[in-house]
2 protein chains.
Amino acid sequence: MATRTDAPTRREQILKEAARLFAERGFHGVGVDEIGAAVGISGPGLYRHFAGKDAMLAELLVGISDSLLTGAKRRLAEADGVTGSDPGPGAVLDSLIEGHIDFALDDRPLITLHDRELDRLRDADRKLVRQLQRQYVELWVGVLREVYPAVPEPSARSAVHSVFGLLNSTPHLGRPGSLPGRAVTAALLHRMARGAFAAVGEG
Amino acid sequence: MATRTDAPTRREQILKEAARLFAERGFHGVGVDEIGAAVGISGPGLYRHFAGKDAMLAELLVGISDSLLTGAKRRLAEADGVTGSDPGPGAVLDSLIEGHIDFALDDRPLITLHDRELDRLRDADRKLVRQLQRQYVELWVGVLREVYPAVPEPSARSAVHSVFGLLNSTPHLGRPGSLPGRAVTAALLHRMARGAFAAVGEG
DNA sequence: CAGGGCGGTTAGCGGTCGTTAACCTGAAGG
DNA sequence: CCTTCAGGTTAACGACCGCTAACCGCCCTG
C-alpha cells in the first residue's frame, strides 16, 4: 500500500507512454519500437516487462475500468457509511460526477482508449473489462434512480451512457493549456451533467 | 439533384462498408482485402475506384464534416428566412440538435470515425476537415449565445463540444435493436442536450 | 571474487499489408 | 465484327511489424 510518491517504475513509464501513443494514433498505428523509444529503450526491450503489445493494452484497459469502478464504490460507501447524517442521493450523484471528471481531466489518454480500443483485446480480457464497465454503469444507474425515481431503468441507462459521452469529451476541448483553467472546466462539466440528468428526471 | 433512390453505385457501396469496418476495428485494423470482400470483390479491385486506402478515409471524413456543416447552414437559413415570423433562437437551437441527432442515429459508423481517425489523414485533407468542423462548432456557438447571451464565448465553445460528446454517444447505447425505439431515444437525447445547455446558461 | 539474473542490445524470421503489374472478360459503339 | 474500355482477376513485390534468439554488462549477493 505504499509505492506511491516513489519514482515511477519502468513498467509504469511504459504503460503511460503506450497509453499516450495508443490514444494518439490507435493501437495498430503504433509500433513497439516507438513505445520503446518513448521510454528510452528500443524495441524488443519491452518484452522484459510485458508479454507483448496486447498485454500492455489489456493492462491499461483493465486498469482504467477497475480504477473507475473502485473509485465509484468507495464514494458510494463513504456516503452510505456516515451514520446519522445521510448526505442524500443528490450528493452521491455529485460525488460520482466529480470522480469521473477528475479522471477525464487527469488521464485523458486512458479515457480515450477506454471506449475506443476495447475490441482489440483477447476474449477473456475483453469480457473482464466489459463486466467492470457494466458494473460501473449499473452503479450510476442505481444512484440516478434514487435521485429521480420516476425515470425508468432503460432511460436511466441511456442517460448515464450519454453523460459519460459528455464528460469524456475533454480530449476535444483543446490542449490542456488552452482551457479556461481546470477548476472552471470541471465546474462547467459538472453543471452540464447535472442539467442533462435533471432534464431526464423532470420529463 | 436526383441520383437518390437509384441503386447505390459501387463507390458508395465501398464507402459504406469501409466506414463500417473502420469504425469497428480502426483504420489500421482493416485490410483492403476485407473491404473488398465486404462488397463482393476482392482486394486490389478497389483500386479501380479509389487511389488508395487513405483516399477512402479522406472521402468519408470530408463527406461527414461537409454534410454536417451544410445541414446546419440550411437549418439556420430556413429559420432566418421566414419573414415576419421569427421562430426565435431557441427553435433554431432545437433544429440544430435535431439534425445532429438524426445524423448520430442514422450514420453511427461515420460519427465514430469523425472524431477518431482524423489524425490518419494527409495534411491537406486534415486541415480541410478541421476547418469544416470548426465552422460547424462556431455556428452552434453563435446560436447558443443568442439563446443564452450571458454565457462567455469560451464556455459556450466548451459546452458545444461537450454536447457533441453527449449526442455522439449513440454508438454506446447498445445495438440498434436494443434501444427503446428511435423516436424515444432521439427525444431523450434532445432533452438532455437542452438540459445541459440550460445548466450553462443559468449559471 | 565468483556467479547469477535483471534489463538491456542487435540480428533476423515469418507473416501481413498496401500497392502495382499483367492479364482477362463482357458489354457497348461505330 | 472489331475495338475499346470499365471493372474485375491473380501474382508478386517491398516495406513493415511483432516477436524470438542470441548475446552482453552491471549489480547484487553468498
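Chain letters run A, B, ... following the sequence lines, proteins first, then strands; residues in each count from 1. Bear in mind that the values here come from a model prediction, so they are computed numbers and not experimental data.
By the 6.0 Å contact criterion, CZ on A/Arg122 is open, its count of non-hydrogen atoms from other residues, nucleotides or ligands being 12 or less.
Per the geometry, CG belonging to B/Leu46 stands 10 Å off P belonging to C/dT19, to the nearest Å. Separating the CD1 atom of A/Ile14 from the C1' atom of D/dG18 is a distance of 16 Å, rounded to the nearest angstrom. Note: CZ (B/Arg11) to P (D/dA6) measures 15 Å, nearest angstrom. Atom CD1 of B/Ile35 and atom P of C/dT16 are 18 Å apart (whole Å). Rounded to an integer number of Å, the gap from CD1 of A/Ile41 to C1' of C/dG8 is 7 Å. In this structure, CZ of A/Arg120 is placed 14 Å from P of D/dG18, rounded to the nearest angstrom. When the C1' atom of D/dG18 is taken as reference, atom NE2 of B/His28 falls 16 Å away, rounded to whole Å. When the P atom of D/dG18 is taken as reference, atom CZ of A/Phe50 falls 15 Å away, rounded to whole Å.
Ring pair A/His100/A/Trp140 is perpendicular by interplanar angle, where above 60° counts as perpendicular and below 30° as parallel.
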> Going through the distances and angles, do A/Thr170 and A/Leu189 end up as a side-chain contact (heavy atoms from CB on, under 4.5 Å)?
Replying inline: CA-CA 9 Å; A/Thr170 49; A/Leu189 289 171; 3.7 Å; yes

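The side chain of B/Arg10 contributes no N or O atom lying less than 4.0 Å from OP1 or OP2 of D/dA6. A close approach under 4.0 Å does occur between a side-chain nitrogen or oxygen of B/His49 and OP1 or OP2 of D/dG8.
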For nucleotides 22-28 of chain C, print each protein N/O atom paired with a nucleotide N/O atom at under 3.5 Å, atom names and distance only.
residue : atom : partner : partner atom : Å
C/dA22  : N6   : B/Arg48 : NH2          : 3.3

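Taking every side-chain heavy atom of B/Val32 into account, C/dG18 is the closest of C/dG18, C/dT9, C/dA21. Closest contact between the side chain of A/Tyr47 and the listed nucleotides C/dT19, D/dT20, D/dT9 involves D/dT20.
Using a 4.0 Å heavy-atom criterion, one finds that A/Val30 contacts the sugar-phosphate atoms exclusively. Counting non-hydrogen atoms under 4.0 angstrom, B/Gly43 reaches nothing in the nucleic acid. Residue B/Gly31 is classed as a sugar-phosphate contact, given heavy-atom separations below 4.0 Å to backbone atoms only.
The distance from atom CG of B/Leu15 to atom CG of B/Leu110, rounded to the nearest 0.5 Å, is 9.0 Å. Summarising the geometry, atom CD belonging to A/Glu117 is positioned 7.5 Å from atom CZ belonging to B/Arg116; distances are rounded to the nearest 0.5 Å. With values rounded to the nearest 0.5 angstrom, A/Asp125 atom CG is found 14.5 Å from A/Arg120 atom CZ.
Taking each heavy atom of A/Ala193 and A/Leu167 in turn, the nearest pair found is CB-CD2, 4.1 Å.
Judged by distance alone, with hydrogens and angles left aside, the side-chain atoms of B/Ser162 form a donor-acceptor pair with the main-chain N or O of B/Ser158 at under 3.5 Å. Between the B/Ser155 side chain and the B/Val151 main chain, no donor and acceptor come within less than 3.5 Å of each other. Of the possible polar contacts, one joining the B/Thr70 side chain to the B/Asp66 backbone as a donor-acceptor pair under 3.5 Å is found.
Near DNA chain D, meaning a heavy atom under 4.0 Å from it, residues 53-63 of chain B has no residue at all.
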